[in-house]
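Worth knowing before you read on, the calculation uses all heavy atoms, side chains too, and leaves out hydrogens, waters and symmetry mates.
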Amino acid sequence: MARRGAARGERGQRADRRDRTAGVVAEPVDGGLAELVPDRERRRAWTLTVDGAPQSHVDLDDPAHLAFEYQRRIGHLIDLAAPAGQPLHVLHLGGGAFTLARYTAATRPRSTQQVIEADAALVQLVRRELPLDPQARIRVRSTDARAGLGKIQDDWADLVVADVFSGARTPAHLTTTEFLAEVRRVLKPGGSYIANLADGPPLAHLRGQIATAATVFPHLALAADPTVWRGRRFGNAVLVASDTAPEIARFTRRVATDPHPGRVEHGRALADFTGGAAPVHDADARPSPPPPPDAFR
């Protein structure tokens with residue numbers, strides 16, 4: 001990062017100037033045009049978009065605030081992963097504006113986290129405009145998610161959180177049984193894999209991802225908006241997979257009482273939902289489907 005020795009006070013002054021001018025910060029990054037759009041209702045909050053697709057929302061004054069529906073659901077799973085306040089080892093595949101790493105640091109101080117984000121220019125932009133708390137134990141590396149995953153030691157992570165999109169699509173090599181075998185390798189016994197998945201009618205990608213995860217993990221649950229479940233619109237779904245049963249009842253209650261309530265399925269109902277979809281392997285993997293043109297309007 002340029003001018004690594006710049007004082008934290010200088011960075012804070014820059015953020016304050018952005019607050020007062022309430023202007024959009026736009027900059028080309030590896031994945032397209034990144035924009036930081038100020039939140040009109042929160043003084044130091046910003047939404048990150050890349051080529052118009054929303055990526056993250058960050059409130060520098062309240063990093064525990066999760067504005068996006070799917071991030072709230074991942075936040076619930078982070079909350080339920082261990083007793084309140086207990087530090088965790090968390091690996092984030094895909095960084096965006098580091099929203100979930102900030103959330104974990106705020107709600108579970110002393111957690112040790114690694115963020116792997118391939119877009120080095122995006123990392124530089126976010127670090128400059130929305131600096132991380134220097135006390136947070138968050139290490140950020142700019143490399144491909146699967147390559148970075150391969151360098152993590154066995155049994156290191158309590159959670160692996162995957163939220164990787166390139167051009168609004170999950171890359172093919174992050175959708176396979178081979179990829180998930182690597183995820184399971186780095187998870188501690190009882191740890192969980194959490195993935196943000198995006199799909200629309202006829203939900204073939206989503207069904208295939210459930211079938212793929214089921215070949216690696218014995219316990220799965222999926223949370224999504226009811227209209228996504230019914231295949232009526234393109235949207236996000238949050239998958240959690242583990243070698244031990246997750247906190248389904250508590251997770252279900254939290255998702256059901258969100259500002260935009262969702263539905264959680266697991267067990268036989270989730271297996272039936274896959275409809276016989278085949279697991280995805282490296283040899284036949286494809287990226288997730290592109291969102292429709294009006295998905296983010």
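Few gaps surround CZ on Arg233; more than 12 heavy atoms of other groups in view lie less than 6.0 Å from it. Residue-environment remark: CZ (Arg230) exceeds the threshold of 12 foreign heavy atoms within 6.0 Å.
In this structure, Thr170 and Gln209 have side chains that are not in contact, with every pair of non-hydrogen atoms separated by 4.5 Å or more. Two residues are said to be in side-chain contact when any heavy atoms from C-beta on lie closer than 4.5 Å; Ile152 and Val160 fail this criterion. Within the 4.5 Å cutoff, side-chain heavy atoms of Leu174 are placed close to those of Arg146. The shortest distance between side-chain heavy atoms of Val58 and Leu48 does not fall below 4.5 Å. Between Asp272 and Arg268, some side-chain heavy-atom pair lies under the 4.5 Å cut-off. Between Tyr70 and Asp163, the closest side-chain pair of non-hydrogen atoms falls below 4.5 Å. Two residues are said to be in side-chain contact when any heavy atoms from C-beta on lie closer than 4.5 Å; Val126 and Glu117 fail this criterion. The shortest side-chain heavy-atom distance between Val25 and Leu125 falls under the 4.5 Å cut-off.
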Exercise. Checking side-chain contact (heavy atoms from CB on, under 4.5 Å) for the pair Leu122/Asp30: CA distance, chi angles, key distance, verdict?
Worked result: CA-CA 7 Å; Leu122 178 62; Asp30 299 341; over 6 Å; no
Problem set entry | Test log, rule salt bridge (Lys or Arg N to Asp or Glu O under 4.0 Å), inputs Arg185 and Glu182 | CA-CA 5 Å; Arg185 176 187 64 78; Glu182 275 292 280; 3.0 Å; yes
Exercise. Asp133 and Arg102: side-chain contact (heavy atoms from CB on, under 4.5 Å), yes or no, with the steps?
Worked result: CA-CA 8 Å; Asp133 181 347; Arg102 298 173 199 265; over 6 Å; no
Problem set entry | Stepwise side-chain contact (heavy atoms from CB on, under 4.5 Å) test for Ile138 and Phe98 | CA-CA 9 Å; Ile138 301 172; Phe98 315 140; 5.9 Å; no
Exercise. So Thr177 and His281, side chain to side chain donor-acceptor pair (under 3.5 Å) or not? Walk me through it.
Worked result: CA-CA 6 Å; Thr177 55; His281 302 284; 2.9 Å; yes
For this session: Using the side-chain contact (heavy atoms from CB on, under 4.5 Å) rule, take His65 and His57 through it: C-alpha gap first, then chi angles, then the decisive distance, then the call.
Result: CA-CA 9 Å; His65 173 75; His57 180 278; 3.9 Å; yes
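When atom types are taken as modelled, the side chain of Thr143 and the backbone of Gly148 share no donor-acceptor pair closer than 3.5 angstrom. Proximity of a side-chain donor or acceptor of Ser242 to a complementary backbone N or O of Ser192 within less than 3.5 Å is not detected. In this structure, the side chain of Arg127 does not engage the main chain of Leu132 through any donor-acceptor pair within 3.5 Å. Counting only distance, with no hydrogens or angles, the side chain of Trp229 and the backbone of Arg263 share a donor-acceptor pair below 3.5 Å. A donor-acceptor contact shorter than 3.5 Å links the side chain of Asp39 to the backbone of Glu41.
Nearest heavy atom pair, residue Leu80 against residue Arg108, reads N-NH2, 4.5 Å. Of all the heavy atoms in Pro38 and Gly23, the pair that sits closest is CD-O, 3.7 Å. Listed here is the closest heavy atom pair of Asp51 and Gly31: OD2-O, 3.5 Å. Pairing each heavy atom of Leu222 with each of Ala237, the nearest pair is CD1-CB, 4.0 Å. Nearest approach of Pro28 to Leu33, heavy atoms of both residues: N-CD1, 4.0 Å. The shortest non-hydrogen separation linking Leu100 to Gln113 is O-OE1, 4.2 Å.
With Asn236 as the fixed residue, the side-chain hydrogen bond (donor to acceptor under 3.5 Å, both in side chains) test singles out one of Asp225, Asn196, Asp199: Asn196.
Hydrophobic clustering of Ile, Leu, Val, Met, Phe, Trp and Tyr side chains at less than 4.5 Å, counting indirect connections, unites Val29 with Val140. Transitive grouping of hydrophobic side chains (ILVMFWY, heavy atoms separated by less than 4.5 Å) brings Leu159 and Leu66 into a common cluster. With hydrophobic clusters built from ILVMFWY side chains whose heavy atoms lie under 4.5 angstrom apart, Leu197 shares a cluster with Leu203. Cluster membership for Val186 and Ile116, using ILVMFWY side-chain heavy atoms within less than 4.5 angstrom, is shared. At a threshold of 4.5 Å between side-chain heavy atoms, the hydrophobic network of Ile, Leu, Val, Met, Phe, Trp and Tyr places Val216 and Val240 in two separate groups.
The structure places CD1 of Ile194 at 11.5 Å from NE2 of His76, a figure rounded to the nearest 0.5 Å. Between atom CZ of residue Phe179 and atom CG of residue Leu149 there is a gap of 6.0 Å, rounded to the nearest 0.5 Å. We find the CG-CG distance between Asp119 and Asp144 to be 12.0 Å, quoted to the nearest 0.5 Å. Note: Asp158 CG to Leu91 CG = 11.5 Å, rounded to the nearest 0.5 Å. Distance check: Arg250 CZ to Asp79 CG gives 9.0 Å after rounding to the nearest 0.5 Å. If you take NE2 on His89 and CD on Gln114, they are separated by 9.5 Å, rounding to the nearest 0.5 Å.
A salt bridge between Glu27 and Arg128 is present, with a side-chain N of the basic residue lying under 4.0 Å from a carboxylate O of the acidic one.
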